[in-house]
Protein chains: 2
Amino acid sequence: MRDTDTLSAEDLAIAGGFERFYEVLRRLTPRSELSLTAASTLRRLERSGPHRLCELHAPEGVSQPAMTQLITRLEKEGLAKRGSDPDDGRAVVVTITDDGRAAVARRREGRTRALSALLEQLPAEDHAAILAALPALERLSDLMAEQPPL
Amino acid sequence: MRDTDTLSAEDLAIAGGFERFYEVLRRLTPRSELSLTAASTLRRLERSGPHRLCELHAPEGVSQPAMTQLITRLEKEGLAKRGSDPDDGRAVVVTITDDGRAAVARRREGRTRALSALLEQLPAEDHAAILAALPALERLSDLMAEQPPL
DNA sequence: ATTTTTTATATCACCAACTTATGAAAGTCC
DNA sequence: GGACTTTCATAAGTTGGTGATATAAAAAAT
């Protein structure tokens, strides 16, 4: 009934490792100025440019009102701004500001610095193995990103 | 002034990859019955046995009142229980229940299943690279876990 | 052996970020 | 041009967090 047999031992090992990794990685980003969703949304705006509000909430896994409120907060803090689409009066086009980019960069640098200190303590072969798996993780991330809402 | 030069290109690449990976991994665990802290705490209790309340809040990165409230919630849902230490009348010893273990297992299985479906779509060499990096990630997780509060 | 200080947990009042339900305005379709 | 649809905002309630503070047990000091 449990249907566990469709899961290979390897997949179980990978999922277990990721679970643990996720939890410790979570702690590596200290109580920041940005919430998880705020950071992720800003990074999206930075990576792939301005988006309409309705294009943001589903990929970030929150409701539409939550996204409206998040954008309001980000706007209040000067990290993003609302614009309008001349061709569609309903639309709100959200753009990241320079301050927003700076906030993302600060967060990234803080995490990178902490990670870097840890990577130094790792044996060289572990360092190499992680580096070697990076493109694979990248492709896996791509797959996850274009996933149905699960 | 930025002092960025102490960060190697490799570390930057790793941190960038992890950042992305973290965000998509976050979405892979659907709006579950357990909050992030609740899941992480239960996993800790499962992995390393009963703990006093004061030993839990710092590693999980929340305040002591937050942990008190979390344990109260978990107890109400039957996922953990409070006990006492005969040698120290102040202490509250928290233990995971069978229901708690089941909840952790359900969560893990859901995530594993979703991950497994994605891993299948990955080229075999990517799959292999991730598998090869797993022990390294494990050791990195250990390092992160015993990290000062950052 | 008291008194004082420290430690472990709980409670309180508040806040941030979400939820569902609903409303209003702009666009689309016969 | 009226009915439906899409997009965003607002309202009210919930959850999980915070700092300040209370209480009780243990440890330290006198």
Side-chain angles (χ1 to χ4, degrees), chain A residues 23 26-27 29-45 50-95 103 107 149-150, chain B residues 23 26-27 29-45 50-77 79-95 100 103 107 149-150:
Chain A
E23 283 172 3
R26 179 166 73 99
R27 293 197 40 231
T29 305
R31 26 67 166 302
S32 146
E33 50 185 338
L34 298 173
S35 75
L36 288 182
T37 308
S40 178
T41 301
L42 279 181
R43 287 224 322 118
R44 181 180 304 272
L45 293 172
H51 284 78
R52 300 173 63 143
L53 211 149
C54 61
E55 296 167 335
L56 287 173
H57 81 266
E60 296 297 341
V62 299
S63 66
Q64 173 265 313
M67 187 50 68
T68 292
Q69 292 164 16
L70 170 58
I71 299 304
T72 301
R73 281 190 312 260
L74 290 177
E75 201 170 26
K76 202 162 295 180
E77 291 160 14
L79 305 180
K81 59 173 193 280
R82 282 183 163 88
S84 50
D85 182 345
D87 297 342
D88 189 342
R90 297 166 302 178
V92 164
V93 179
V94 185
T95 311
R107 182 188 176 88
L150 193 67
Chain B
E23 283 173 4
R26 178 166 72 100
R27 294 194 42 229
T29 305
R31 30 56 167 305
S32 148
E33 47 184 340
L34 298 174
S35 75
L36 287 183
T37 307
S40 178
T41 302
L42 278 182
R43 288 225 323 116
R44 180 179 306 272
L45 293 173
H51 284 78
R52 301 171 63 139
L53 213 149
C54 62
E55 297 168 334
L56 286 173
H57 80 265
E60 296 298 339
V62 298
S63 66
Q64 174 266 315
M67 187 51 68
T68 292
Q69 292 164 18
L70 170 58
I71 299 305
T72 301
R73 266 179 276 137
L74 291 177
E75 201 171 26
K76 201 162 296 180
E77 292 161 14
L79 306 180
K81 60 174 192 282
R82 283 184 162 88
S84 52
D85 181 344
D87 297 342
D88 189 341
R90 298 167 300 178
V92 164
V93 179
V94 186
T95 311
R107 183 190 176 90
L150 191 69

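Chain identifiers are assigned alphabetically (A, B, ...) following the order of the sequence lines, protein sequences preceding nucleic acid strands; residue numbering begins at 1 within each chain.
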Student: With a cut-off of less than 4.0 Å, is there a side-chain N or O of A:Thr37 near OP1 or OP2 of C:dA17?
Tutor: no

Student: Can you work out whether A:Ala66 or B:Val93 has the more 5'-proximal nearest nucleotide on DNA chain C?
Tutor: B:Val93

Student: Using the side-chain heavy atoms of B:Gln69, tell me which of these nucleotides is nearest: C:dG27, D:dG17, D:dT10.
Tutor: D:dG17

Student: What nucleotide among C:dA8, D:dC8, D:dT18 has an atom nearest to a side-chain atom of B:Val62?
Tutor: D:dT18

Student: Reckon A:Thr68 has a side-chain N or O less than 4.0 Å from the OP1 or OP2 of D:dC8?
Tutor: no

Student: I want to check one thing: is the phosphate of D:dT15, taken as OP1 and OP2, less than 4.0 Å away from some side-chain N or O of B:Arg73?
Tutor: no

Student: Rounded to whole angstrom units, what separation is found between the CG atom of A:Asp88 and the C1' atom of D:dT5?
Tutor: 12 Å

Student: Counting only side-chain heavy atoms from C-beta out, which of C:dA21, D:dT7, C:dC18 sits nearest to A:Pro65?
Tutor: C:dA21

Student: Using side-chain heavy atoms (C-beta onward) and a distance below 4.5 Å, is B:Glu60 in contact with A:Glu23?
Tutor: no

Student: Taking the side chain as C-beta and beyond, is there a heavy-atom pair between A:Ile71 and A:Val92 under 4.5 Å?
Tutor: no

Student: In whole angstroms, how far is the C1' atom of C:dT9 from the NE2 atom of B:His51?
Tutor: 17 Å

Student: Tell me the interatomic distance from B:Leu70, atom CG, to C:dT11, atom P, rounded to whole angstroms.
Tutor: 15 Å

Student: Tell me the interatomic distance from A:His57, atom NE2, to C:dA17, atom P, rounded to whole angstroms.
Tutor: 19 Å

Student: Please tell me which of the listed nucleotides, C:dA8, D:dG19, C:dA26, lies nearest to the side chain of A:Arg90?
Tutor: C:dA26

Student: Please classify the nucleic acid contact of A:Ala91 as base, sugar-phosphate, or nothing, using heavy-atom distances under 4.0 Å.
Tutor: sugar-phosphate

Student: For A:Leu42 and C:dA17, give me the distance from atom CG to atom P, rounded to whole Å.
Tutor: 12 Å

Student: Check every strand shown and say whether B:Thr72 touches a base, only sugar-phosphate, or nothing at a heavy-atom separation below 4.0 Å.
Tutor: nothing

Student: Could you tell me the separation between the CG atom of A:Asp87 and the P atom of C:dG27, rounded to a whole number of Å?
Tutor: 9 Å

Student: Sub-3.5 Å donor-acceptor pair from the side chain of B:Thr41 to the main-chain atoms of B:Thr37, do we have one?
Tutor: yes

Student: Measure from CD on A:Gln64 to P on D:dT6 and round the result to the nearest Å.
Tutor: 14 Å

Student: Roughly how far apart are A:Ser35 OG and A:Arg73 CZ, rounded to 0.5 Å?
Tutor: 6.0 Å

Student: Nearest nucleotide by nearest heavy atom, which residue falls closer to the 5' end of DNA chain C, A:Glu33 or B:Leu53?
Tutor: B:Leu53

Student: Output the rounded distance in Å from CD (A:Glu60) to C1' (C:dC18).
Tutor: 14 Å

Student: When you compare the side chain of B:His57 with that of B:Thr68, does any pair of heavy atoms fall below 4.5 Å?
Tutor: no

Student: If you compare every side-chain N and O of A:Ser63 against the phosphate oxygens of C:dC18 (OP1, OP2), does one of them come in below 4.0 Å?
Tutor: no

